Amino acid sequence: MSAIPYRVLPKNNPKSFEKKADDRNKMMLIALFFLPGFSLLFLFLVMPIFQSIFYSFFRWNGLGPVDNFVGLENYSRAFADKVFRKSMWHNFQVVILTLLIELPLAMALALLLVRGNLRFVRLFRAIFFLPYVFSEVITGLIWLFVLNPGEGFANVLFKAIIPGFENQAWLGNIDLVLPVIFFVMTWKYFGLHMLLYMAGIQNINPDVENAARLDGANEWQLLRRITLPMIADTIKLTMFLGVLGSLQVFVIILVMTKGGPVYATEVMVTYMYRVGLQRFSLGFGAAVSVILFIIALFFSIGYQRTVMQTSLE
Amino acid sequence: MKLFLNILKYVFVLFLTVVMSGPILTAILGSIRTSGEVYSNPFALPKNGIQWENYTFILTNPDFWRQVANSTYITVTATVMTVIISSFLAFIFARVDFRGREIWFNILMLGMLFPLSVAILPVFIQLMNLKLLDSFWGVILPMVTFATPGNTVILRNFFTAIPQELEDASYIDGCSTFGFFRYILFPMARPSIAAVATLVVVASWNEFFLPLLVLNDPNKWPLPLGIMQFQGQFGTDYGKVLAFITLLIIPSVIFYIFAEKYIVTGLTGGELKG
């Protein structure tokens, strides 16, 4: 072995020279790694948002110049439209149903699968989660078939369980159709929430719960005071995903009911699609999009305040 | 009491199994029967023999195969791009300290707050301005954009877990930062990359709204648009529609069986065992 190799440093202020070269390399690298992602984000997210704020002040059909400035008229038109208010109300109902039914159901099943000493847990988990990989188009079409008003799967099943049950037009009944759509959404997505809860529950240190048991806590107290608080972060995450998912629901509705009958399943995105894109009132559609943005943003900021503080340590 | 509770558990889980798998199984069952049979009873076995012609009708249709090719092209391109772009960003946010990091990260998070279907009309206007309507890029680029933030966050968590000592050691051995990313981090993070790729495959294979707006030319349609058009055309011929549905379900199920591990890893941050 020869002498330890060393680099001959340049004489004048060696440190800063090296640091500068280092910094330059680092800047190059950052730019290189940043550019593809952030150019796309700029082109297809940031710019469209600002553009649509601009367009929302005009009456514009996508052709011709953008010169018919109407101020806030598109916004007041949207809020004056009974159908739009109805669609917001439907989104709200779906959000509430998601939080009160879908998530607790997912939690119950997660507890059952992780703690229930059941056999074939992996199989059940796979079956419950499977619809997640289906497209919403397929989901909608399958359920369109299952819910058909004649001898569909749903009617036949109910007739087998409930004597005297009469065939239902599930998607034709304005009082029934929104809950039915919610049911289909739950069918497709509750497995995701269940999976997240299962991961959370598995990662609780069993010692904590055993200690509480020794102190005389019963199972219900254990669940309320130990298990659920310990996966609070997961619960908040699923609430966020659930609410955001409820705001963006579109394809299932388009496939199954197109927002009908008589707007009974119209939600904000189907409304935006119908008035903005099908009728090509892009200015008005942009205003509806901005309202949607504001709702999403309003909700997310609240969420960020409570949950995401630790996102970048 | 304990036995009773145990039975109750199984009854509940089995009931749900029926609700979850029943629709899928009846759809598959319907696809091998005549439409008349499907109309009269969704459960019964085929009385008139298995109706293979429901399937051959679709499988001999060149439109179907063109849609398979289109879907594959869109999915593969979108997935490769998303994986590369997200892992670049994840690497920067996980490993490199620089000024303005927080701000950039927040811009990225903005993408998570606006799902594609909420932002679809603004994106559509932008695609119109960029003259990307009716081209595959008009579908792929927004797809990649909206997939990037979530997947960057997932990958960032995995990248952060790789020990700092390893990075230092690689620098001492003369590795550049890019070299560390390319030869050490990327190979080490292969399971998480696979997880992200799987999630993107599922999302882009299933995407419907974007191609619906962007692609007017039926020759460019992917499968989700194809099946909607097919259903519009043959809506009353349940056997054929269900055969089409089954042809799309079965690859999804097979894919799911093989990729379940990765999907679960990706969604739960590698925290769900078993």
Side-chain angles (χ1 to χ4, degrees), chain A residues 29-30 33-34 36-37 40-41 43-45 47-49 51-52 55 62 112 116 118 122 124 126-128 130 133-138 141-143 145-146 150-153 156 187 192 195-196 198-199 202-203 244 247-248 250-251 269 272 276-277 282 285-286 289 292-293 296-297 300 312, chain B residues 9 13 17 20-24 26-27 39-43 85 88-89 91-92 96 98 102 105 107 110-111 113-115 117-119 121-126 128 141-142 144-145 148 177-178 202 206 208-209 213 224 227-228 231 242 245 248-249 252 256 260 264 267-268 271-274:
Chain A
L29 186 90
I30 290 175
F33 274 38
F34 251 59
L40 281 181
L41 279 166
L43 270 180
F44 295 108
L45 181 68
M47 230 173 115
I49 290 177
Q51 277 176 344
S52 55
Y55 290 130
L112 203 57
L118 292 179
R122 283 207 56 175
F124 286 129
I127 291 171
F128 297 161
L130 179 65
V133 296
F134 295 159
S135 70
E136 294 191 311
V137 174
I138 292 291
L141 290 177
I142 290 177
W143 279 95
F145 166 66
V146 167
E151 300 298 305
F153 175 74
V156 172
W187 182 84
L192 168 68
L195 211 64
L196 294 169
M198 285 176 77
Q202 267 185 358
N203 283 315
L244 218 55
L247 288 180
Q248 69 177 102
F250 170 73
V251 178
V269 180
M272 179 188 75
L277 291 162
L282 291 181
S289 298
L292 256 166
F293 281 158
L297 201 66
S300 323
L312 193 72
Chain B
K9 275 187 213 162
V13 174
T17 305
M20 296 308 287
S21 55
I24 302 168
T26 44
Y39 267 119
S40 56
N41 186 343
F43 298 113
I85 290 174
F88 276 5
L89 291 178
F91 176 68
I92 296 279
V96 184
F98 59 95
E102 296 276 340
F105 194 72
I107 295 177
L110 202 67
L113 309 182
F114 300 126
S117 64
V118 168
L121 185 134
V123 168
F124 176 80
I125 295 177
Q126 175 73 330
M128 203 164 69
L141 293 178
V144 174
T145 308
T148 294
T177 314
F178 184 77
V202 172
N206 290 338
F208 174 76
F209 205 174
L213 294 181
I227 194 169
M228 276 307 282
Q231 196 255 356
L242 291 174
I245 291 176
L248 298 196
I249 288 178
S252 296
Y256 174 65
E260 192 199 6
V264 172
L267 292 173
T268 64
E271 286 187 346
L272 184 61
K273 294 163 222 99

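Just so you know, these numbers come straight off a predicted model, no measurement behind them. Just so it is clear: chains get the letters A, B, ... in the order the sequence lines come, proteins before strands, and each one is counted from 1.
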**Request:** Mark yes or no for whether N206(B), through its side chain, and V133(A), through its backbone, hold a donor-acceptor pair below 3.5 Å.
**Result:** yes
**Message:** Looking at every heavy atom in both S21(B) and I127(A), which two are closest together, and how far apart are they?
**Reply:** CB-CG2, 4.5 Å
**Asked** Looking only at heavy atoms, what is the nearest atom pair of L121(B) and A286(A), with distance?
**Response** CD2-N, 3.4 Å
**Request:** Report the option among L213(B), T148(B), I92(B) that has the most heavy-atom pairs separated by less than 4.5 Å from atoms of chain A.
**Result:** I92(B)
**Fill in**
If one checks every heavy atom of V123(B) against chain A at 4.5 Å, the contacting part turns out to be both
**Item:** Pairs of heavy atoms under 4.5 Å with chain B: top-ranked of L244(A), L247(A), L297(A)
**Value:** L244(A)
**Asked** So F178(B) and F33(A), would you call those rings parallel, tilted or perpendicular, with 30° and 60° as cut-offs?
**Response** perpendicular
**Request:** Report the option among L141(A), V269(A), I49(A), L292(A) that has the most heavy-atom pairs separated by less than 4.5 Å from atoms of chain B.
**Result:** L141(A)
**Prompt:** Run the side-chain contact (heavy atoms from CB on, under 4.5 Å) check on I249(B) and I138(A) step by step: do they pass?
**Reply:** CA-CA 8 Å; I249(B) 288 178; I138(A) 292 291; 4.0 Å; yes
**Message:** Counting only non-hydrogen atoms closer than 4.5 Å, does V202(B) touch chain A with its backbone (N, CA, C, O), its side chain (CB onward), both, or neither?
**Reply:** side chain
**Asked** When heavy-atom pairs shorter than 4.5 Å are enumerated against chain A, which of A119(B), S252(B), S117(B) gives the highest number?
**Response** S117(B)
**Request:** For the pair Q51(A) (side chain) and P122(B) (backbone), establish whether a donor and an acceptor sit closer than 3.5 Å, ignoring hydrogens and angles.
**Result:** no
**Asked** Would you say the side-chain atoms of Y256(B) pair up with the backbone N or O of A126(A), donor to acceptor, closer than 3.5 Å?
**Response** yes
**Fill in**
So, the part of Q248(A) with a heavy atom under 4.5 Å from chain B: the answer is both
**Complete:** Nearest heavy-atom approach of L89(B) to F34(A) is CD2-CA, 4.0 Å
**Request:** Please name the pair of heavy atoms, one in L192(A) and one in L267(B), separated by the smallest distance, quoted to 0.1 Å.
**Result:** CD1-CD1, 3.5 Å
**Prompt:** Which bit of S52(A) is near chain B, if near means a heavy-atom gap under 4.5 Å: side chain, backbone, both or neither?
**Reply:** side chain
**Message:** Taking side chain as everything from C-beta outward and backbone as N, CA, C, O, which of these in F293(A) sits under 4.5 Å from a heavy atom of chain B? Side chain, backbone, both or neither.
**Reply:** both
**Selection from I85(B), V118(B), V96(B) maximising heavy-atom pairs under 4.5 Å formed with chain A** = V118(B)
**Item:** Reported CD1-to-CG distance for the pair I107(B) and L41(A), which is rounded to 0.5 angstrom
**Value:** 8.5 Å
**Request:** State the CZ-CG distance between F145(A) and L242(B), to the nearest 0.5 angstrom.
**Result:** 4.5 Å
**Item:** For chain B, the option from L130(A), V146(A), L196(A) that forms the most heavy-atom pairs under 4.5 Å
**Value:** L130(A)
**Complete:** Nearest heavy-atom contact between G22(B) and F153(A) is CA-CZ, 3.7 Å
**Request:** To the nearest 0.5 angstrom, please state how far the CZ atom of F134(A) sits from the CD1 atom of I245(B).
**Result:** 10.5 Å
**Request:** Against chain A, work out which of V144(B), L248(B), L141(B), I227(B) has the most heavy-atom pairs shorter than 4.5 Å and name it.
**Result:** L141(B)
**Item:** chain B interface, residue from P36(A), G285(A), G276(A), S135(A) that has the most non-hydrogen pairs under 4.5 Å
**Value:** S135(A)
